[in-house]
Amino acid sequence: MEYEKKASSISNVGAWGMNIVSSVGIIMANKQLMSNTGYAFTFATTLTGFHFAVTALVGLVSNATGYSASKHVPMWELLWFSLVANTSITGMNLSLMLNSVGFYQISKLSMIPVVCVMEWILHSKHYSKEVKMAVVVVVVGVGVCTVTDVKVNLKGFVCACVAVLSTSLQQISIGSLQKKYSVGSFELLSKTAPIQAISLLVFGPFADYYLTGKLITNYKMSSGVIFFILLSCSLAVFCNVSQYLCIGRFSAVSFQVLGHMKTVCVLTLGWLLFDSELTLKNIMGMVIAVAGMVIYSWAVEREKHANAKTHSHGKNSLTEEEVRLLHERIENNPLKDVELAEARS
């Protein structure tokens, strides 16, 4: 039992580690690929289509070789999930284009309370005072280190709302679909990835043209661009798998809260690798955010232990009716034994 608990803890840390490393890695690769100082490949939606195409290919090979088993999930559920996920991707790209970076960061931060409210509405999930306090600390910390200028316009506000709602719903759906159909994280990803890949590769170039005014067909490819696209796609496989793993093992709220460790890593690596400015305000925000994550982890563990204790107490305690029946049985048993002895003699 102790060994199983230890193995589970190691695999949990491994899932989070994979998600943080692959997410930060993909951000750095995409920064080189998409920035004007890099290769200026500004077709973000189409690039996401490439990501899911490679993920779908890995899932296909995995199923064909028998490494993973394919379980049935209704097609309408997969289509609905893919629609929500693609709306999330497009909404995020539009929000980044139409809003200031400050407002975009605020919209991303708002996902934590939105996920909490949606889980309460959809799954009647309640949170302790400690968890709520930790969420507030993380939001404040990340807000301090990332939010700068805040400019809002109607179109941008609508796109941000659509992006936040669809992303929150998508992350909640990952966990609920895994539980509902008893399907593993990789199996679910291998089912949704082909649908997302096809739809993003078909409609992505049009979305990118609307966002940037450039056509991907007019872009001149080079060996450097191809290398970074392949690197980005490889990291995306690990990023997608680890996202489904983390949400399946924990919850959408935990994924959002602890996921902001990636923001801290990105800011630090940006300073180390790309000479990005790191101010005292950034450092203070990062310290507050990390403190919030530590408090959140402690609060969740405390909640788990409290629930386990309650469950164990409920399981071991007898109701008044059970106690009465047990007493009756003890009182009647000696008489039955005497009667049985007389019958035998």
Side-chain angles (χ1 to χ4, degrees), residues 11-35 37-68 70 82 85-86 88-90 92-93 167 170-171 174 184-202 204-205 207-208 216 219-249 255 258-259 261-266 268-270 272-274:
S11 59
N12 289 346
V13 171
W16 278 116
M18 190 201 298
N19 185 256
I20 289 168
V21 171
S22 59
S23 297
V24 172
I26 203 171
I27 288 167
M28 294 296 146
N30 288 354
K31 190 166 184 177
Q32 180 62 28
L33 183 64
M34 301 175 80
S35 67
T37 53
Y39 293 100
F41 185 87
T42 54
F43 311 101
T45 314
T46 308
L47 180 63
T48 309
F50 293 154
H51 290 170
F52 280 107
V54 173
T55 304
L57 185 64
V58 170
L60 192 69
V61 170
S62 178
N63 286 334
T65 53
Y67 179 76
S68 58
S70 183
S82 300
N86 288 351
S88 161
I89 293 161
T90 310
M92 279 295 182
N93 288 340
T167 304
Q170 180 228 3
Q171 291 183 357
I174 289 171
S185 51
F186 187 71
E187 286 77 19
L188 180 62
L189 179 60
S190 63
K191 285 181 178 295
T192 57
I195 302 168
Q196 286 186 256
I198 292 164
S199 54
L200 286 169
L201 289 173
V202 170
D208 288 330
I216 193 169
Y219 183 82
K220 287 182 181 177
M221 290 285 182
S222 66
S223 56
V225 173
I226 292 166
F227 170 77
F228 274 100
I229 287 173
L230 290 173
L231 177 62
S232 182
C233 289
S234 303
L235 288 166
V237 174
F238 291 102
C239 189
N240 288 330
V241 170
S242 59
Q243 180 190 6
Y244 280 56
L245 264 173
C246 289
I247 294 174
R249 285 168 178 267
F255 183 75
L258 300 178
M261 179 56 76
K262 291 176 274 190
T263 308
V264 174
C265 292
V266 167
T268 308
L269 286 174
L272 290 170
L273 302 177
F274 297 100

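Every heavy atom of this structure was used, including side-chain atoms; hydrogens, water molecules and symmetry mates were not. These numbers come from a predicted model, not from an experiment.
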Subject >> Non-hydrogen atoms of S232 and I26 that approach each other most closely >> reply: O-CD1, 3.5 Å
Subject >> Closest approach of G59 to F186 (non-hydrogen atoms, all atoms of both residues) >> reply: CA-CZ, 3.8 Å
Original post:
Rounded to the nearest 0.5 Å, how far does CG of L245 lie from CD1 of I174?
Top reply: 10.5 Å
**OP:** Give a yes or no answer on whether the side chain of D208 reaches the backbone of T46 with a donor-acceptor pair at less than 3.5 Å.
**Re:** yes
**OP:** Looking only at non-hydrogen atoms, find the nearest pair between K191 and P194 and report the distance.
**Re:** O-CD, 3.6 Å
**OP:** Look at the rings of F43 and Y219 and say which category their plane angle falls in: under 30° parallel, 30 to 60° tilted, over 60° perpendicular.
**Re:** perpendicular
**OP:** Could you walk me through whether S22 and S242 pass side-chain contact (heavy atoms from CB on, under 4.5 Å), step by step?
**Re:** CA-CA 9 Å; S22 59; S242 59; 3.9 Å; yes
Subject >> Distance in Å, S62 OG paired with L60 CG, rounded so as to fall on 0.5 Å steps >> reply: 9.5 Å
**OP:** Kindly determine whether T55 and Q196 satisfy side-chain contact (heavy atoms from CB on, under 4.5 Å), including the steps that lead there.
**Re:** CA-CA 10 Å; T55 304; Q196 286 186 256; over 6 Å; no
Original post:
Do the non-hydrogen side-chain atoms of N240 and F52 ever get within less than 4.5 Å of each other?
Top reply: yes
Original post:
Hey, what do you get for CG (N86) to CD (Q170), rounding to the nearest 0.5 Å?
Top reply: 9.0 Å
Subject >> Heavy-atom donor-acceptor pair, S234 side chain to L230 backbone, under 3.5 Å >> reply: yes
Original post:
Under a 4.5 Å cut-off applied to non-hydrogen side-chain atoms, are I89 and L200 in contact?
Top reply: yes
**OP:** Starting at OH of Y244, measure out to CD of Q171 and round the result to the nearest 0.5 Å.
**Re:** 10.0 Å
Original post:
Looking at CD1 of I226 and CG of L231, how far apart are the two atoms once the value is rounded to the nearest 0.5 Å?
Top reply: 13.5 Å
Original post:
Which atom names give the shortest non-hydrogen contact between C239 and N19, and what distance separates them?
Top reply: O-ND2, 3.7 Å
**OP:** Measure the shortest side-chain to side-chain distance between L33 and L47 over non-hydrogen atoms and say whether it is less than 4.5 angstrom.
**Re:** yes
Original post:
How about L201 and F50: do any of their side-chain heavy atoms sit closer than 4.5 Å?
Top reply: yes
**OP:** Search all heavy atoms of A197 against all heavy atoms of A53 and return the closest pair with its distance.
**Re:** CB-N, 3.5 Å
Original post:
Do you know the tightest heavy-atom contact between M92 and T167?
Top reply: CE-OG1, 3.9 Å
